[in-house]
Amino acid sequence: MTDVSRNGHQTNEHGNDAKATTTTGGQAGLTVVMGAGPGGLCSAYVLSQAARPALVLEKAPFVGGLARPIRRQTEYGEFKFDIGGHRWFTKNDELNALFREVIADELLWVNRVSRIYFDGKYVDYPLKISNALKAVGPVVAARAMADYGRTRVAAKARPNPVVSMEDAYIDQFGPTLYRLFFQRSSEKVWGLPCDRMSGDWVSQRSKGMSLVTAVKDAVVPTKGKVVSLIDEFMYPRGGFGRFSERMADGIRERGNEIRLGAGVEKVHREGNRVVAVTVSQDGKTERIEAENFISSIPLTLLARIMDPAPPSKVLEAAEKLTVRNIITVNLLLHKRQVTNDTWLYVHDRNILFGRFHEPKNWSPEMVPGDDYTSLVVEYFCSFGDAIWSMSDEQLVEKTIEHLIQDLGFISRDEVLDGFVIRAPRAYPAYVIGYEKPLETIKAFVDSLENLQIIGRYGTFRYNNTDHSIETGLLAAKNLLGEHHNLDQVNTDKEYHEIKRVPQPVGSGAER
Ligand SMILES: Cc1cc2nc3c(=O)[nH]c(=O)nc-3n(C[C@H](O)[C@H](O)[C@H](O)COP(=O)(O)OP(=O)(O)OC[C@H]3O[C@@H](n4cnc5c(N)ncnc54)[C@H](O)[C@@H]3O)c2cc1C
């Protein structure tokens, strides 16, 4: 038996609410947003701007999710990090305007200089075709062009559906360039051979790109100006996490609440509606009722914590979707600069990490002063595998060894400190066959009329921050009376790193 107190909280019959579930109920029009990554924060930010009540529930003690800020105070001053460098890029003007509004006076434009390191050589990334062919030498370049030609002719004569990641890369770039530039890196990221991964990831990431379009764009003037989103990007000067922190400030300033350390443990449904969530915070559980719900928490988790439980086929589907984790090793260095790259992709199999970035190259405010720099080194892994099982000390040591012995980038006496961040479930994995289970879960979620799913793992879609916040924005707009189909986000037809505009752009006009 429970009593409802004036503030809507309940105590159980023993008057003991320390461990009991209290109920906070039904503020008119309340939207509960699950997860305070960029997606969830964006929903709450837009609702707050429209003076609608919203409550954000976040399990972690900080906002930002995968795009959160990481700060290390040292005797030399403060070092700042992202979990793997996050650049802002989108072709969507509304999202750009929102990013600018939020970041305001903290906005920086950063030049992007990224390279791939493979077999002791460097080549620009994203692949610039002339540069890539030059790096491999004339013989391999000729072979790459010839076998690409053969692939195209064969595909025309006997079109085969593109199923796997391998099919998709070969279709776009031919077998030689696939083996040189895509196979090793993809297998590092996904931990599986490319013929087991779905081609969807490639088409989502590089639609409209192929050897033909790359060569064409290099030599033939295109219709409409191509604005490259490759060479420059926007970034908050204090690290990407500032985007989330500033949205959070905006939400609180408008009177809405973000509860940190508040993990959603149950999502209660009645008929075709969600009626409440149960959260756990400071050892207490609380049932919170609301009118609308937006979820950016892992889709598979959402299915598992439904009360009553969904049909067993939905729970079985949730077991079938898999993810990849990321570990970053963050090194603090007494050195002015390691490279001038924005990112360096490391394809060699004998080097365990896949990529690193140097935060100082993104913003000088990421390090305490000119004499210091830092590196964020990314390892892709799965629960229980050799990398995930390494201790933090081993990971830091391995990173230093690779950087000294294999790459010659640093010396041991330049390393001031190193620490590890583990981000589980960072990459929804499009393993062949993932579509059916995903459809099953989504069909169930769609049947709940006042629940919307948004974000990256929230929708099990490989969304960057722009698409993650776009789903958050549209979900909020739906609650404000508009009608948007969130499934349409991140499905456009043009390669996401270029934008064609009808007339010439004056200098800075796109900024
Ligand atoms: C290494 C790396 C590099 C990236 N680089 C870029 C880049 O350059 N540019 C870019 O735009 N994007 C980049 N991204 C992608 C970007 O991080 C994501 O798109 C974005 O963070 C997704 O936002 P989200 O809100 O959907 O999810 P998340 O950021 O994952 O947030 C979800 C939140 O839900 C919370 N949560 C989980 N379970 C519960 C629960 N039970 N109750 C309450 N809360 C819960 C989590 O703690 C988390 O805070 C990168 C990602 C990675 C991993």
Side-chain angles (χ1 to χ4, degrees), residues 32-45 55-69 81-90 92 95 99 110 112 114 189 205 229 233-236 240-241 243-244 247-248 258-267 277-281 288 293-302 304-305 323-328 342-343 353-357 362 376-380 421-428 453-473 475 486 489-490 496-497:
V32 158
V33 179
M34 300 175 236
L41 289 171
C42 183
S43 291
Y45 182 80
L55 170 64
V56 184
L57 301 171
E58 168 55 55
K59 186 174 164 184
F62 41 74
V63 297
L66 285 173
R68 73 176 180 268
F81 305 89
D82 300 346
I83 303 183
H86 276 60
R87 77 182 160 130
W88 172 259
F89 70 99
T90 175
N92 180 321
L95 298 181
F99 186 79
V110 181
R112 178 176 173 198
S114 293
V189 174
R205 298 288 291 180
L229 304 180
F233 60 87
M234 285 190 247
Y235 189 70
F240 199 84
F243 181 44
S244 291
M247 279 196 285
I258 301 169
R259 287 209 207 164
L260 300 177
V264 178
E265 294 198 330
K266 284 274 172 225
V267 175
V277 291
T278 294
V279 287
S280 168
Q281 192 175 16
I288 300 170
F293 296 82
I294 295 176
S295 170
S296 69
I297 68 174
L299 183 61
T300 47
L301 174 69
L302 180 69
R304 285 188 198 110
I305 63 176
V323 288
R324 278 291 266 180
N325 304 335
I326 189 162
I327 294 177
T328 59
T342 312
W343 277 290
F353 55 75
R355 181 170 87 160
F356 69 79
H357 84 281
W362 298 47
V376 178
V377 180
E378 296 172 38
Y379 290 83
F380 308 101
I421 298 284
R422 291 173 192 259
R425 305 175 191 88
Y427 292 88
I453 53 170
I454 62 163
R456 181 165 160 122
Y457 200 175
T459 59
F460 203 82
R461 190 162 177 83
Y462 193 96
N463 284 334
N464 268 333
T465 309
D466 57 328
H467 290 124
S468 302
I469 70 157
E470 188 176 355
T471 52
L473 171 80
L486 273 49
V489 172
N490 198 4
H496 72 294
E497 299 233 16

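Starting from 1, each residue takes its place in the sequence as its number. All ligand and atom numbering here is 1-based and tracks the order in the structure.
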Taking [atom] as the point of reference, which of [options] owns the nearest heavy atom?
atom	options	value
atom 3 (C) of ligand 1	Met34, His86, Arg456, Arg461	His86
atom 5 (N) of ligand 1	Ser280, Gly84, Gly261, Gly85	Gly85
atom 46 (C) of ligand 1	Glu58, Arg87, Lys59	Glu58
atom 1 (C) of ligand 1	Leu66, Ile326, Asn463, Thr90	Ile326

Fill in: Partner residues of Arg456 under the side chain to side chain donor-acceptor pair (under 3.5 Å) criterion, sequence neighbours left out
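Here no residue qualifies.
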
Quick check: [X] and ligand 1, any N/O pair under 3.5 Å apart?
X	result
Ser296	no
Thr465	yes
Gly39	yes
Ile83	no
Val264	yes
Arg355	no
Tyr457	no

Counting each atom of ligand 1 from 1 as listed, which ones have a heavy atom of [X] under 4.0 Å away?
X	result
Asn464	6 (C), 10 (C), 11 (O), 12 (N), 13 (C), 14 (N), 15 (C), 19 (O)
Gly65	29 (O), 31 (O), 48 (C), 49 (O)
Ala426	53 (C)
Ala67	21 (O)
Leu57	43 (C), 44 (N)
Pro298	37 (C), 38 (N)
Ala262	43 (C)
Gly263	42 (N)

Worksheet item: Of the protein's non-hydrogen atoms, which lies at the shortest distance from atom 34 (O) of ligand 1, and what is that distance?
Response: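 The protein heavy atom lying closest is Gly35 CA, 3.4 Å.
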
Discussion item. Under 4.0 Å, heavy-atom basis, I'd like to know which part of Pro38 is in contact with ligand 1: side chain, backbone, both or neither.
Written reply: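 Contact part for Pro38 vs ligand 1: both backbone and side chain.
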
Worksheet item: Taking non-hydrogen atoms only, is Trp88 closer than 4.0 angstrom to ligand 1 via side chain, backbone, both or neither?
Response: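 Neither part.
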
Item to complete: Report yes or no: does Asp82 contribute a side-chain atom to a donor-acceptor pair with the main-chain N or O of Phe240 at less than 3.5 Å?
Response: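 Pair found, side chain donor or acceptor close to backbone of Phe240.
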
Worksheet item: Counting distance only, does the side-chain N/O of His467 pair as donor-acceptor with the main-chain N or O of Thr465 below 3.5 Å?
Response: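 Side chain of His467 to backbone of Thr465, a donor-acceptor pair under 3.5 Å: no, none is there.
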
Worksheet item: Does at least one non-hydrogen atom of Phe240 fall below 4.0 angstrom from an atom of ligand 1?
Response: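 False for this residue.
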
Discussion item. Does any part of the side chain of Ile297, heavy atoms only, come nearer than 4.5 Å to the side chain of Ile305, both counted from C-beta?
Written reply: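 Heavy-atom side-chain distance check passes, below 4.5 Å.
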
